Number of protein chains: 2
Amino acid sequence: MYIISLTQSKNPLLMVNKLQHSTNCVDCKCKYSIFKNLHPFELDLINNARFQVSYKAGEIIFKQGTPSPYFVCVTSGLAKIYIEGYGKNLILALVKPVDYIFGPGIYVDNRHYYSASAVEDSTACLVDVNLFKKLIRENPDFADEFIKRVSLQAIFNFDQVISLTQKQMHGRIADVIFYLSDKIYCQNPFNMTISRQDLADLSGMSKESAIRILKEFKEEGILTVHGNTLEILNTKQLRQISETG
Amino acid sequence: MYIISLTQSKNPLLMVNKLQHSTNCVDCKCKYSIFKNLHPFELDLINNARFQVSYKAGEIIFKQGTPSPYFVCVTSGLAKIYIEGYGKNLILALVKPVDYIFGPGIYVDNRHYYSASAVEDSTACLVDVNLFKKLIRENPDFADEFIKRVSLQAIFNFDQVISLTQKQMHGRIADVIFYLSDKIYCQNPFNMTISRQDLADLSGMSKESAIRILKEFKEEGILTVHGNTLEILNTKQLRQISETG
DNA sequence: CACCTATATTGATATATATCAATGAGGATT
DNA sequence: AATCCTCATTGATATATATCAATATAGGTG
């Protein structure tokens, strides 16, 4: 097993480099997640079929519309999945270790319906989608777990749609700040490794508007922003803003 | 097998009435759909466990937040599934025969994450969700088909989110009109059995705005509206509006 | 260190959209 | 036929939000 960096270099000879040994699936904390119901021999199948890739911040992992031969497991760093819409992007989610990127296209036409790229320097394991689908057919517990995860994703998207379509900007930014603090960085003063544009793409507004709302929140003492470090000072008030839209 | 009308009458004695015989699953065209991969004995299991209910237009099939013991198959009429958000509803989809309503809650906490109600007088078959999940575990072809349908639903939702968040009102109304004409009523002069409020809830705007856009389209000769009958006159121009947002 | 580029910030303005209020039309009920 | 009620329509107005343009800042690079 090797880590292969697909650096988007101008020199094609550098496209596959920095090979390094990685741990195997059995040692990986991934196995406690969606893979928890796999038998050891099944986990071994995945271990043999997978390969690990590293991405620099900003690099594209896959593009919307392209074939989807791999199931992606993010093992370090931070990635975003986003739909490329009419002129601007909508970020569906940030993906951190250990979480998975499996698009709905896997069971439809083997195309990606969204793009993915690395926000921070990241590594990921790629597993052949056919092996994945084979295990779903053969192991009902694994299938149940897979469907459960797809369902959780759908529920998350429902919340997101309601936030995006029924709340105004202040409420949407509040939602995204909670998402970052509670689900992604999991700490309160947190270092936003995403850009302001990403913040805007998460909350469905222009970059300028996102910045302005952040400034207002700062002026009202709800939070502080120093560079990319954001601290929520008044959780209650921010929650209130999230709920009143 | 009986058809039971759960009419929301003031008289509780009338709650279960109008019992009538229905065809069984083997004769039902449902079996060509998601059930196409079931063995005859499995189809028979469903046939014995299901029961058929009829709803009057406007009646609620289930409410967001309530337990989700049944998988719903719409066999006649037209239903809508919608999220009850902050003050207003967002219609996720219209469901016509023969199509299915299975929410993501089935695999998470057995709760509904959206509500469903009948738009037209409708009938539906209800099947115990546990039987459904059991068949998914036991029949990989059925599981594959189920996951495929969930995936198609997710892809549909992606398109919808992009329309709702990145297009302005004219584009969104155009999208909804194509949805109604191509996917729901499947004819060109079609009789809109949904209300203007539903039209607004489908396109994420106020009822007044939806009506105004319709009026503009009428004035520009893109379509005609007589009462609830809508005819698209200039498909090309409407497509153009959909695409330029 | 100076430069350069990408990103962040701010302000001024235009515009898309919701809201409010009033009126109109159709179906049901008496 | 008259009443009532829901739904559809229209107009006037307020406001949320995007856009455009200018400036500031910071990180990387020679």
Side-chain angles (χ1 to χ4, degrees), chain A residues 10 56-59 80 85-90 117 119-121 163-176 191-219 223-230 241 244-245, chain B residues 10 56-59 80 85-90 117 119-121 163-176 191-219 223-230 241 244-245:
Chain A
K10 270 121 200 162
K56 291 221 189 84
E59 285 181 349
K80 64 179 174 185
Y86 297 84
K88 52 183 176 176
N89 296 337
L90 176 70
S117 71
V119 172
E120 306 169 9
D121 291 350
S163 176
L164 288 172
T165 59
Q166 302 195 348
K167 291 184 184 180
Q168 28 193 95
M169 297 196 300
H170 294 79
R172 283 168 10 226
I173 288 287
D175 285 344
V176 171
N191 182 37
M192 286 213 292
T193 51
I194 64 169
S195 69
R196 301 301 145 110
Q197 184 64 59
D198 287 335
L199 188 66
D201 289 345
L202 273 165
S203 49
M205 65 186 68
S206 72
K207 183 183 50 182
E208 293 92 333
S209 293
I211 290 168
R212 262 184 269 266
I213 310 276
L214 231 42
K215 190 186 170 194
E216 280 182 50
F217 284 175
K218 227 166 21 178
E219 285 165 358
L223 44 77
T224 58
V225 187
H226 292 112
N228 285 326
T229 303
L230 192 153
I241 290 169
T244 57
Chain B
K10 271 121 200 163
K56 290 222 189 85
E59 286 181 348
K80 65 178 174 185
Y86 298 83
K88 51 183 177 178
N89 296 336
L90 176 70
S117 70
V119 171
E120 306 169 10
D121 291 350
S163 176
L164 288 172
T165 59
Q166 302 196 347
K167 290 184 184 180
Q168 30 194 96
M169 297 197 300
H170 294 78
R172 300 201 312 260
I173 288 287
D175 285 344
V176 171
N191 181 37
M192 285 212 292
T193 51
I194 64 170
S195 67
R196 300 301 144 108
Q197 185 63 60
D198 287 336
L199 188 65
D201 290 345
L202 273 165
S203 48
M205 66 185 68
S206 70
K207 184 183 51 181
E208 294 93 331
S209 292
I211 290 169
R212 262 184 268 266
I213 309 277
L214 229 43
K215 188 186 171 195
E216 280 183 51
F217 285 175
K218 228 166 19 177
E219 285 166 359
L223 44 78
T224 59
V225 187
H226 292 110
N228 284 325
T229 304
L230 192 152
I241 290 169
T244 56

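By convention in this document, chain letters (A, B, ...) are assigned in the order of the sequence lines, proteins followed by strands, and residues within each chain are numbered from 1. Being a predicted model, the structure only gives us computed values, none of them experimental.
A salt bridge is defined here as a Lys NZ or Arg NE, NH1 or NH2 lying under 4.0 Å from an Asp or Glu carboxylate O, and A/Lys80 with A/Asp198 meets this definition.
Of the listed nucleotides (C/dT17, C/dA8, D/dT9), C/dA8 has the atom at the smallest distance from the side chain of A/Arg196. The nucleotide whose nearest atom lies closest to any side-chain atom of A/Ile211 is, among C/dA8, D/dT17, D/dC20, C/dA8.
Residue B/Ser209 has a polar side-chain atom (N or O) positioned under 4.0 Å from OP1 or OP2 of C/dA18. For B/Lys88, no side-chain nitrogen or oxygen approaches OP1 or OP2 of C/dT19 to under 4.0 Å. Contact annotation: A/Lys167 does not reach the phosphate of D/dA16 (side-chain N/O to OP1 or OP2, under 4.0 Å).
Separation of atoms CG (A/Leu199) and CG (A/Leu230) is listed at 8.5 Å; rounding is to 0.5 Å. Put simply, CG on B/Leu164 and CG on B/Leu202 are 9.0 Å apart, with the number rounded to the nearest 0.5 Å.
Between B/His226 atom NE2 and D/dT9 atom P the separation is 12 Å, expressed in whole Å. Between A/Lys207 atom NZ and C/dT7 atom C1' the separation is 7 Å, expressed in whole Å. When rounded to the nearest whole Å, the span between CE of A/Met205 and P of D/dT15 equals 19 Å.
Toward the 5′ end of DNA chain D lies the nearest nucleotide of B/Ile194, the other residue of the pair B/Ile194 and A/Glu208 mapping further downstream. With DNA chain C read from its 5' end, the first of the two nearest nucleotides for A/Asn228 and A/Arg212 is the one closest to A/Asn228.
A/Asp175 is linked by a salt bridge (Lys or Arg N to Asp or Glu O under 4.0 Å) to A/Lys167, counting only residues two or more places apart in sequence or in another chain.
Residue-level contact check: B/Ser206 touches the bases, meaning some heavy atom is under 4.0 Å from a base atom.
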